Amino acid sequence: MSDRKRIYLCLAHMSEAGLEQKYIKEAFDTNWVVPLGPNVNGFEKDLEDFVNLNVNANLNKRVVALSAGTAAVHLALIAAGVKAGDEVIVQSFTFCASSHPITYLGAKPVFVDSEKDSWNMDPELMEEAIKDRIAKTGKKPAAIIPVALYGMSYQIDRIMEIANRYDIPVIEDAAEGFGSRWNGQVLGTFGKSGVLSFNGNKMITTSGGGALITANEEEWREIMMYATQYRESYPYYQHEKIGFNYRMSNICAGIGRGQMTIVNDHIAHHKHVQALYEELLKDVPGIKVHGNPDSRYDSNFWLCTMTIDPEVHIKGQENAYKTIVTGAVGGAAGVIHAAESAHTDCEPNANVEALRIIMDQAQIEARPLWKPMHKQPVYKSAPAYVNGVSEALFKVGMCLPAGPYVTDDDVN
(Lines give C-alpha, C1' and ligand atoms only; values in the text may rest on other atoms or scores of the structure.)
Protein backbone atom coordinates (compact mmCIF):
# COMPACT_ATOMS: atom_id res chain seq x y z
CA MET A 1 0.00 0.00 0.00
CA SER A 2 2.87 2.37 0.77
CA ASP A 3 3.95 2.24 -2.91
CA ARG A 4 0.63 3.72 -4.11
CA LYS A 5 0.67 7.34 -5.29
CA ARG A 6 -0.64 9.62 -2.56
CA ILE A 7 -4.23 10.78 -2.98
CA TYR A 8 -4.47 14.41 -1.79
CA LEU A 9 -7.56 16.26 -0.60
CA CYS A 10 -7.37 18.94 -3.27
CA LEU A 11 -4.18 19.42 -5.22
CA ALA A 12 -3.59 22.39 -7.53
CA HIS A 13 -4.34 21.42 -11.14
CA MET A 14 -3.21 23.43 -14.17
CA SER A 15 -5.06 23.71 -17.49
CA GLU A 16 -4.16 21.10 -20.09
CA ALA A 17 -3.43 23.91 -22.55
CA GLY A 18 -0.81 25.34 -20.21
CA LEU A 19 -2.39 28.80 -20.27
CA GLU A 20 -1.08 29.58 -16.80
CA GLN A 21 2.49 29.36 -18.12
CA LYS A 22 1.54 31.45 -21.15
CA TYR A 23 0.31 34.33 -18.99
CA ILE A 24 3.28 34.03 -16.64
CA LYS A 25 5.68 34.10 -19.59
CA GLU A 26 3.97 37.21 -20.92
CA ALA A 27 4.53 38.84 -17.53
CA PHE A 28 8.24 38.01 -17.63
CA ASP A 29 8.62 38.95 -21.30
CA THR A 30 7.10 42.38 -20.62
CA ASN A 31 8.84 42.74 -17.22
CA TRP A 32 5.50 42.95 -15.38
CA VAL A 33 6.72 40.93 -12.39
CA VAL A 34 5.47 43.34 -9.72
CA PRO A 35 2.04 43.81 -8.14
CA LEU A 36 -0.50 45.14 -10.65
CA GLY A 37 -0.32 44.73 -14.39
CA PRO A 38 -2.30 43.28 -17.32
CA ASN A 39 -2.78 39.86 -15.69
CA VAL A 40 -4.27 41.41 -12.55
CA ASN A 41 -6.70 43.46 -14.62
CA GLY A 42 -7.56 40.46 -16.79
CA PHE A 43 -8.07 38.13 -13.82
CA GLU A 44 -10.38 40.63 -12.12
CA LYS A 45 -12.42 40.94 -15.30
CA ASP A 46 -12.70 37.14 -15.57
CA LEU A 47 -13.84 36.95 -11.94
CA GLU A 48 -16.43 39.69 -12.47
CA ASP A 49 -17.84 37.88 -15.49
CA PHE A 50 -18.07 34.68 -13.42
CA VAL A 51 -19.74 36.08 -10.29
CA ASN A 52 -22.17 38.29 -12.23
CA LEU A 53 -23.50 35.34 -14.27
CA ASN A 54 -26.57 34.42 -12.22
CA VAL A 55 -29.88 32.76 -12.87
CA ASN A 56 -32.21 35.08 -10.98
CA ALA A 57 -30.44 38.43 -10.70
CA ASN A 58 -28.83 41.09 -12.85
CA LEU A 59 -25.63 41.90 -11.00
CA ASN A 60 -22.88 44.44 -11.51
CA LYS A 61 -20.35 43.42 -8.88
CA ARG A 62 -16.73 44.55 -8.97
CA VAL A 63 -13.78 42.44 -7.84
CA VAL A 64 -10.40 43.35 -6.33
CA ALA A 65 -7.66 40.69 -6.56
CA LEU A 66 -5.64 40.48 -3.35
CA SER A 67 -2.71 38.63 -1.80
CA ALA A 68 -4.90 36.30 0.31
CA GLY A 69 -8.47 35.55 1.31
CA THR A 70 -7.51 36.69 4.82
CA ALA A 71 -6.61 40.10 3.37
CA ALA A 72 -10.05 40.21 1.75
CA VAL A 73 -11.77 39.60 5.11
CA HIS A 74 -9.62 42.33 6.67
CA LEU A 75 -10.46 44.91 4.00
CA ALA A 76 -14.14 43.94 4.00
CA LEU A 77 -14.30 44.66 7.74
CA ILE A 78 -12.65 48.04 7.24
CA ALA A 79 -15.05 48.89 4.41
CA ALA A 80 -17.95 47.92 6.69
CA GLY A 81 -16.73 50.47 9.23
CA VAL A 82 -15.55 48.00 11.89
CA LYS A 83 -13.35 49.70 14.48
CA ALA A 84 -11.51 48.83 17.67
CA GLY A 85 -13.98 47.93 20.41
CA ASP A 86 -16.71 46.83 18.00
CA GLU A 87 -18.18 43.34 17.98
CA VAL A 88 -18.53 41.22 14.85
CA ILE A 89 -20.73 38.14 14.62
CA VAL A 90 -18.89 35.31 12.88
CA GLN A 91 -19.62 31.65 12.28
CA SER A 92 -17.80 29.47 14.79
CA PHE A 93 -17.52 26.41 12.51
CA THR A 94 -14.79 27.73 10.22
CA PHE A 95 -11.08 28.21 9.60
CA CYS A 96 -9.33 30.89 11.66
CA ALA A 97 -9.01 33.27 8.68
CA SER A 98 -12.70 34.12 9.14
CA SER A 99 -12.16 35.47 12.67
CA HIS A 100 -8.51 36.52 13.01
CA PRO A 101 -8.90 39.73 10.92
CA ILE A 102 -11.54 40.90 13.40
CA THR A 103 -8.86 40.89 16.08
CA TYR A 104 -6.40 42.66 13.75
CA LEU A 105 -8.69 45.67 14.05
CA GLY A 106 -8.98 45.49 17.84
CA ALA A 107 -12.58 44.34 17.50
CA LYS A 108 -14.07 41.27 19.20
CA PRO A 109 -15.51 38.19 17.48
CA VAL A 110 -18.88 36.95 18.69
CA PHE A 111 -19.19 33.31 17.66
CA VAL A 112 -22.46 31.79 16.50
CA ASP A 113 -23.00 28.04 16.13
CA SER A 114 -24.37 26.11 13.16
CA GLU A 115 -27.64 24.54 12.10
CA LYS A 116 -27.72 20.82 11.31
CA ASP A 117 -28.68 20.89 7.63
CA SER A 118 -25.93 23.01 6.07
CA TRP A 119 -23.49 22.96 9.03
CA ASN A 120 -23.33 26.74 8.64
CA MET A 121 -24.47 29.69 10.75
CA ASP A 122 -27.86 29.17 12.41
CA PRO A 123 -29.91 32.27 11.47
CA GLU A 124 -32.21 32.01 14.49
CA LEU A 125 -29.27 31.70 16.88
CA MET A 126 -27.67 34.62 15.05
CA GLU A 127 -30.66 36.81 15.80
CA GLU A 128 -30.59 35.73 19.44
CA ALA A 129 -26.94 36.80 19.55
CA ILE A 130 -27.77 40.20 18.01
CA LYS A 131 -30.50 40.85 20.58
CA ASP A 132 -28.32 39.74 23.47
CA ARG A 133 -25.31 41.83 22.39
CA ILE A 134 -27.54 44.91 22.11
CA ALA A 135 -28.92 44.21 25.59
CA LYS A 136 -25.47 43.62 27.08
CA THR A 137 -23.40 46.31 25.31
CA GLY A 138 -25.96 48.91 24.26
CA LYS A 139 -25.02 48.65 20.58
CA LYS A 140 -25.51 46.22 17.75
CA PRO A 141 -22.70 44.16 16.20
CA ALA A 142 -20.83 45.98 13.46
CA ALA A 143 -20.92 43.16 10.89
CA ILE A 144 -21.95 39.54 10.30
CA ILE A 145 -19.72 36.91 8.66
CA PRO A 146 -21.39 33.66 7.53
CA VAL A 147 -19.06 31.03 6.04
CA ALA A 148 -19.55 28.58 3.16
CA LEU A 149 -18.07 25.61 5.00
CA TYR A 150 -16.44 23.16 2.55
CA GLY A 151 -18.39 24.92 -0.22
CA MET A 152 -21.88 24.47 1.23
CA SER A 153 -24.12 27.55 1.17
CA TYR A 154 -25.39 29.24 4.29
CA GLN A 155 -29.10 30.18 4.52
CA ILE A 156 -28.31 33.54 2.98
CA ASP A 157 -31.91 34.66 2.37
CA ARG A 158 -32.77 34.30 6.06
CA ILE A 159 -29.44 35.77 7.17
CA MET A 160 -29.92 38.80 4.90
CA GLU A 161 -33.50 39.30 6.06
CA ILE A 162 -32.38 39.47 9.71
CA ALA A 163 -29.27 41.54 8.96
CA ASN A 164 -31.25 44.08 6.94
CA ARG A 165 -33.82 44.38 9.70
CA TYR A 166 -31.07 45.37 12.15
CA ASP A 167 -29.11 47.30 9.49
CA ILE A 168 -25.95 45.22 9.94
CA PRO A 169 -23.66 44.67 6.92
CA VAL A 170 -23.03 41.07 5.84
CA ILE A 171 -19.58 39.93 4.71
CA GLU A 172 -19.88 36.56 2.97
CA ASP A 173 -16.86 34.34 3.54
CA ALA A 174 -17.07 32.25 0.37
CA ALA A 175 -13.36 31.35 0.46
CA GLU A 176 -14.25 27.65 0.28
CA GLY A 177 -17.37 28.28 -1.81
CA PHE A 178 -16.09 29.70 -5.09
CA GLY A 179 -18.74 28.77 -7.64
CA SER A 180 -21.27 27.53 -5.07
CA ARG A 181 -24.76 28.95 -5.47
CA TRP A 182 -27.93 29.62 -3.50
CA ASN A 183 -31.06 29.55 -5.65
CA GLY A 184 -28.87 29.98 -8.71
CA GLN A 185 -26.92 32.99 -7.46
CA VAL A 186 -23.17 32.81 -6.79
CA LEU A 187 -22.15 33.03 -3.14
CA GLY A 188 -20.37 36.25 -2.24
CA THR A 189 -22.84 38.41 -4.21
CA PHE A 190 -25.67 38.73 -1.68
CA GLY A 191 -24.09 40.80 1.11
CA LYS A 192 -22.16 44.04 1.26
CA SER A 193 -19.06 42.13 0.15
CA GLY A 194 -17.86 38.61 -0.58
CA VAL A 195 -14.54 36.92 0.12
CA LEU A 196 -12.80 34.45 -2.22
CA SER A 197 -9.61 32.42 -1.76
CA PHE A 198 -7.21 31.03 -4.35
CA ASN A 199 -4.85 29.22 -2.00
CA GLY A 200 -3.02 26.19 -3.40
CA ASN A 201 -5.76 23.76 -2.38
CA LYS A 202 -8.86 25.73 -3.39
CA MET A 203 -11.21 25.27 -6.39
CA ILE A 204 -8.78 27.30 -8.51
CA THR A 205 -5.41 28.58 -7.39
CA THR A 206 -3.09 31.52 -7.91
CA SER A 207 -0.50 29.80 -5.71
CA GLY A 208 -1.49 32.19 -2.94
CA GLY A 209 -4.14 34.86 -3.24
CA GLY A 210 -7.72 35.91 -2.78
CA ALA A 211 -10.27 38.47 -3.91
CA LEU A 212 -12.99 40.72 -2.55
CA ILE A 213 -16.32 41.08 -4.32
CA THR A 214 -17.74 44.58 -3.80
CA ALA A 215 -21.27 45.83 -4.22
CA ASN A 216 -20.60 48.78 -6.53
CA GLU A 217 -18.05 51.06 -8.17
CA GLU A 218 -17.73 53.37 -5.17
CA GLU A 219 -16.95 50.55 -2.75
CA TRP A 220 -14.57 49.03 -5.31
CA ARG A 221 -12.57 52.27 -5.47
CA GLU A 222 -12.39 52.50 -1.68
CA ILE A 223 -11.18 48.89 -1.35
CA MET A 224 -8.63 49.50 -4.12
CA MET A 225 -7.26 52.47 -2.17
CA TYR A 226 -6.96 50.47 1.04
CA ALA A 227 -5.26 47.60 -0.82
CA THR A 228 -2.57 49.90 -2.28
CA GLN A 229 -1.35 51.71 0.86
CA TYR A 230 -4.08 54.33 0.46
CA ARG A 231 -1.81 56.54 -1.63
CA GLU A 232 -3.44 59.83 -2.65
CA SER A 233 -3.24 61.22 -6.18
CA TYR A 234 -0.11 63.33 -5.88
CA PRO A 235 3.25 62.96 -7.66
CA TYR A 236 4.71 61.96 -4.29
CA TYR A 237 3.47 59.54 -1.63
CA GLN A 238 0.80 61.13 0.54
CA HIS A 239 -1.33 59.02 2.88
CA GLU A 240 -4.49 60.33 4.56
CA LYS A 241 -5.60 56.92 5.82
CA ILE A 242 -3.74 53.75 6.82
CA GLY A 243 -3.64 51.36 3.89
CA PHE A 244 -2.16 47.92 3.25
CA ASN A 245 0.09 46.23 0.72
CA TYR A 246 -2.55 43.66 -0.25
CA ARG A 247 -2.71 43.65 -4.06
CA MET A 248 -2.11 40.44 -6.01
CA SER A 249 1.07 40.15 -8.05
CA ASN A 250 0.95 40.07 -11.84
CA ILE A 251 2.65 36.65 -11.76
CA CYS A 252 0.03 35.07 -9.47
CA ALA A 253 -2.77 36.68 -11.46
CA GLY A 254 -1.36 35.04 -14.60
CA ILE A 255 -1.93 31.66 -12.97
CA GLY A 256 -5.45 32.79 -12.09
CA ARG A 257 -6.27 33.77 -15.68
CA GLY A 258 -5.32 30.30 -16.87
CA GLN A 259 -7.29 28.71 -14.04
CA MET A 260 -10.44 30.61 -14.97
CA THR A 261 -10.52 28.71 -18.27
CA ILE A 262 -11.06 25.44 -16.36
CA VAL A 263 -12.99 26.59 -13.27
CA ASN A 264 -16.27 25.09 -14.50
CA ASP A 265 -14.48 21.80 -15.21
CA HIS A 266 -13.12 21.80 -11.65
CA ILE A 267 -16.54 22.46 -10.14
CA ALA A 268 -18.11 19.71 -12.24
CA HIS A 269 -15.39 17.29 -11.16
CA HIS A 270 -15.90 17.97 -7.45
CA LYS A 271 -19.65 17.42 -7.85
CA HIS A 272 -18.95 14.17 -9.71
CA VAL A 273 -16.69 12.93 -6.90
CA GLN A 274 -19.36 13.85 -4.35
CA ALA A 275 -21.94 11.80 -6.27
CA LEU A 276 -19.57 8.82 -6.30
CA TYR A 277 -19.08 9.00 -2.52
CA GLU A 278 -22.82 9.25 -1.98
CA GLU A 279 -23.44 6.17 -4.13
CA LEU A 280 -20.57 4.04 -2.83
CA LEU A 281 -21.19 4.77 0.85
CA LYS A 282 -25.00 4.85 0.91
CA ASP A 283 -25.34 1.33 2.31
CA VAL A 284 -22.36 1.42 4.71
CA PRO A 285 -23.73 1.31 8.29
CA GLY A 286 -22.66 4.21 10.48
CA ILE A 287 -21.40 6.40 7.62
CA LYS A 288 -23.24 9.46 6.26
CA VAL A 289 -21.98 11.63 3.41
CA HIS A 290 -22.96 15.29 3.80
CA GLY A 291 -24.81 16.55 0.72
CA ASN A 292 -27.01 19.44 -0.41
CA PRO A 293 -29.93 19.66 2.07
CA ASP A 294 -32.43 20.68 -0.64
CA SER A 295 -32.73 22.22 -4.11
CA ARG A 296 -31.84 25.73 -2.95
CA TYR A 297 -28.31 24.57 -2.20
CA ASP A 298 -25.73 24.04 -4.94
CA SER A 299 -22.39 23.30 -3.27
CA ASN A 300 -19.14 23.16 -5.19
CA PHE A 301 -18.12 20.34 -2.77
CA TRP A 302 -14.65 21.82 -2.41
CA LEU A 303 -14.04 18.98 0.02
CA CYS A 304 -16.41 16.05 0.41
CA THR A 305 -17.29 15.34 4.02
CA MET A 306 -18.81 12.49 5.99
CA THR A 307 -19.71 11.64 9.57
CA ILE A 308 -18.93 8.40 11.40
CA ASP A 309 -21.32 7.09 14.04
CA PRO A 310 -19.61 7.00 17.45
CA GLU A 311 -20.56 3.32 17.76
CA VAL A 312 -18.56 2.32 14.67
CA HIS A 313 -15.37 0.57 15.74
CA ILE A 314 -12.26 1.23 13.66
CA LYS A 315 -9.33 -1.15 13.94
CA GLY A 316 -6.61 0.42 16.04
CA GLN A 317 -8.77 3.11 17.59
CA GLU A 318 -7.55 2.09 21.03
CA ASN A 319 -4.18 3.51 19.97
CA ALA A 320 -5.56 6.86 18.76
CA TYR A 321 -3.98 9.95 20.34
CA LYS A 322 -1.11 7.93 21.81
CA THR A 323 1.49 10.18 20.19
CA ILE A 324 1.83 13.94 19.70
CA VAL A 325 1.81 15.21 16.13
CA THR A 326 5.22 16.48 15.02
CA GLY A 327 4.76 16.86 11.26
CA ALA A 328 2.28 18.01 8.66
CA VAL A 329 -1.27 16.71 9.02
CA GLY A 330 -4.05 17.19 6.49
CA GLY A 331 -2.14 19.70 4.43
CA ALA A 332 -1.21 21.82 7.45
CA ALA A 333 2.17 23.44 7.79
CA GLY A 334 4.76 21.63 9.88
CA VAL A 335 3.99 21.67 13.58
CA ILE A 336 6.64 23.65 15.44
CA HIS A 337 5.26 24.06 18.95
CA ALA A 338 5.16 20.74 20.81
CA ALA A 339 1.95 20.17 22.78
CA GLU A 340 2.11 18.90 26.34
CA SER A 341 -0.62 16.32 25.72
CA ALA A 342 -2.13 14.55 22.72
CA HIS A 343 -5.61 15.42 24.03
CA THR A 344 -7.66 18.61 24.23
CA ASP A 345 -11.10 19.22 25.74
CA CYS A 346 -12.67 19.11 22.25
CA GLU A 347 -11.32 16.61 19.74
CA PRO A 348 -12.51 14.09 17.13
CA ASN A 349 -13.60 10.70 18.46
CA ALA A 350 -10.99 7.95 18.62
CA ASN A 351 -12.56 6.11 15.68
CA VAL A 352 -12.25 9.23 13.49
CA GLU A 353 -8.59 9.66 14.40
CA ALA A 354 -7.94 5.94 13.90
CA LEU A 355 -9.47 6.09 10.41
CA ARG A 356 -7.39 9.16 9.56
CA ILE A 357 -4.24 7.27 10.55
CA ILE A 358 -5.25 4.18 8.55
CA MET A 359 -5.96 6.30 5.48
CA ASP A 360 -2.69 8.17 5.89
CA GLN A 361 -0.82 4.85 5.99
CA ALA A 362 -2.68 3.87 2.82
CA GLN A 363 -1.42 7.09 1.15
CA ILE A 364 -4.82 8.81 1.34
CA GLU A 365 -4.98 12.31 2.78
CA ALA A 366 -7.96 12.90 5.05
CA ARG A 367 -8.49 15.37 7.85
CA PRO A 368 -10.90 16.19 10.66
CA LEU A 369 -13.44 18.98 10.21
CA TRP A 370 -12.47 22.48 11.36
CA LYS A 371 -12.37 22.76 15.12
CA PRO A 372 -15.02 25.33 16.15
CA MET A 373 -13.51 28.71 16.87
CA HIS A 374 -15.36 29.05 20.17
CA LYS A 375 -13.37 26.00 21.37
CA GLN A 376 -10.01 27.45 20.35
CA PRO A 377 -7.87 28.53 23.34
CA VAL A 378 -7.03 31.85 21.70
CA TYR A 379 -10.76 32.76 21.77
CA LYS A 380 -11.63 31.40 25.21
CA SER A 381 -12.87 34.81 26.40
CA ALA A 382 -14.92 35.63 23.28
CA PRO A 383 -18.72 35.62 23.53
CA ALA A 384 -20.23 32.49 21.97
CA TYR A 385 -23.81 31.47 21.24
CA VAL A 386 -23.77 27.71 20.89
CA ASN A 387 -26.24 24.88 20.40
CA GLY A 388 -23.81 21.97 20.33
CA VAL A 389 -24.03 21.33 16.58
CA SER A 390 -20.48 22.25 15.54
CA GLU A 391 -18.88 20.49 18.51
CA ALA A 392 -20.89 17.34 17.79
CA LEU A 393 -19.95 17.41 14.10
CA PHE A 394 -16.28 18.03 14.89
CA LYS A 395 -16.23 14.85 16.98
CA VAL A 396 -17.61 12.61 14.21
CA GLY A 397 -16.70 14.32 10.91
CA MET A 398 -13.99 13.81 8.31
CA CYS A 399 -12.96 15.43 5.01
CA LEU A 400 -12.32 13.22 1.98
CA PRO A 401 -10.29 13.87 -1.21
CA ALA A 402 -12.21 15.65 -3.95
CA GLY A 403 -9.73 17.61 -6.05
CA PRO A 404 -9.18 17.52 -9.83
CA TYR A 405 -6.49 14.83 -9.57
CA VAL A 406 -8.82 12.48 -7.65
CA THR A 407 -9.96 9.81 -10.13
CA ASP A 408 -12.93 7.46 -10.03
CA ASP A 409 -10.49 4.66 -9.18
CA ASP A 410 -9.13 6.75 -6.30
CA VAL A 411 -12.65 7.23 -4.90
CA ASN A 412 -13.33 3.51 -5.19
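Owing to the predicted nature of the structure, the values given are computational and were not obtained by experimental measurement. Numbers for residues simply follow the sequence, beginning at 1.
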- Return yes when atom CD of Gln21 has more than 12 non-hydrogen atoms of other residues, nucleotides or ligands closer than 6.0 Å, and no otherwise. no
- Crowding at NZ, Lys22 (>12 non-hydrogen neighbours, <6.0 Å): yes
- Verify the ring-centre separation between Phe43 and Phe198: is it less than 6.0 angstrom? yes
- Task: Kindly give the heavy-atom pair with the smallest separation between Cys346 and Glu391, and that separation in Å.
- Result: SG-CG, 4.4 Å
- Item | Ion pair Lys131/Glu128, N-O distance below 4.0 Å | no
- Quick one: do the Ser15 and Glu20 side chains pair a donor with an acceptor below 3.5 Å? yes
- Is any side-chain heavy atom of Leu9 less than 4.5 Å from a side-chain heavy atom of Pro401? yes
- Message: Could you walk me through whether Leu196 and Ile213 satisfy the side-chain contact (heavy atoms from CB on, under 4.5 Å) test, starting with their C-alpha distance in whole Å, then the side-chain angles of each, then the deciding distance to 0.1 Å, before giving a yes or no?
- Response: CA-CA 8 Å; Leu196 302 176; Ile213 304 170; 4.0 Å; yes
- Spacing of Asn201 atom CG and Leu303 atom CG [to the nearest 0.5 Å]: 7.0 Å
- Task: Identify whether the distance between the nearest side-chain nitrogen and carboxylate oxygen of Glu161 and Arg158 falls below 4.0 Å.
- Result: yes
- Query: Is there a donor-acceptor contact under 3.5 Å from the side chain of Thr307 to the main chain of Val396?
  - Reply: no
- Query: More than 12 heavy atoms of other residues, nucleotides or ligands under 6.0 Å from CZ of Phe28: is that the case?
  - Reply: no
- Message: Quick test of your reading of the model: are Arg6 and Asp360 salt-bridged, counting only N-O distances below 4.0 Å?
- Response: yes
- Return yes if some donor-acceptor pair links the side-chain N/O of Asn292 with the main-chain N/O of Ser299 below 3.5 Å, else return no. yes
- Is there a donor-acceptor contact under 3.5 Å from the side chain of Asn349 to the main chain of Asn351? no
- Query: In terms of the angle between their ring planes, are Tyr150 and Trp370 parallel, tilted or perpendicular, with boundaries placed at 30° and 60°?
  - Reply: parallel
- Task: Using a cut-off of 6.0 Å, state whether more than 12 heavy atoms not belonging to Glu217 lie near its atom CD.
- Result: yes
- Task: Could you check whether the rings of Phe178 and Phe50 sit parallel, tilted or perpendicular, using 30° and 60° as the cut-offs?
- Result: tilted
- Query: OG of Ser180 to CE of Met152: how many Å apart, nearest 0.5 Å?
  - Reply: 8.0 Å
- Query: If only atom types and distance count, is the side chain of Thr189 paired as donor or acceptor with the main-chain N or O of Val186 below 3.5 Å?
  - Reply: yes
- Only one of Asp113, Ile145, Ile89, Val147 forms a side chain to side chain contact (heavy atoms under 4.5 Å, CB included) with Met121, so which one is it? Ile89
- Would you kindly say whether His266 and Asn300 are connected by a side-chain donor-acceptor distance under 3.5 Å? no
- Item | Salt-bridge contact Lys288-Asp309 (side-chain N to carboxylate O under 4.0 Å) | no
With a 3.5 Å cut-off and sequence neighbours excluded, list the donor-acceptor pairs that the side chains of residues 239-255 form with protein atoms.
unit_1 : atom_1 : unit_2 : atom_2 : d
His239 : ND1    : Gln229 : O      : 3.0
Glu240 : OE2    : Gln238 : NE2    : 3.3
Lys241 : NZ     : Glu222 : OE2    : 3.4
Tyr246 : OH     : His74  : ND1    : 2.8
Arg247 : NH1    : Glu44  : OE2    : 2.6
Arg247 : NH1    : Ala65  : O      : 2.8
Arg247 : NH2    : Glu44  : OE2    : 3.3
Ser249 : OG     : Ile251 : N      : 3.4
Ser249 : OG     : Cys252 : N      : 3.0
Asn250 : OD1    : Asn39  : N      : 2.8
Asn250 : OD1    : Val40  : N      : 3.3
Asn250 : ND2    : Trp32  : O      : 3.0

- Item | Ile171 backbone acceptor or donor facing Ser193 side chain under 3.5 Å | no
- What is the minimum heavy-atom distance between Glu127 and Tyr166, and which atoms define it? OE2-OH, 3.0 Å
- Does the ring centre of His374 sit less than 6.0 Å away from the ring centre of Phe93? no
- Between Gly258 and Thr261 the two heavy atoms that sit nearest each other are O-OG1, 2.5 Å
- Query: Using 4.0 Å as the upper bound for N to carboxylate O, is an ion pair formed by Glu48 and Arg62?
  - Reply: yes
- Message: Is it the case that the side chain of Thr228 and the backbone of Tyr230 share a donor-acceptor pair, with hydrogens and angles ignored and the cut-off at 3.5 Å?
- Response: no
- Sequence neighbours excluded, which residues qualify as ring pair (Phe, Tyr, Trp, His ring centres under 6.0 Å) partners of Tyr385? none
- Task: List for me each residue that meets salt bridge (Lys or Arg N to Asp or Glu O under 4.0 Å) alongside Asp49, sequence neighbours excluded, and say none if there are none.
- Result: Lys45
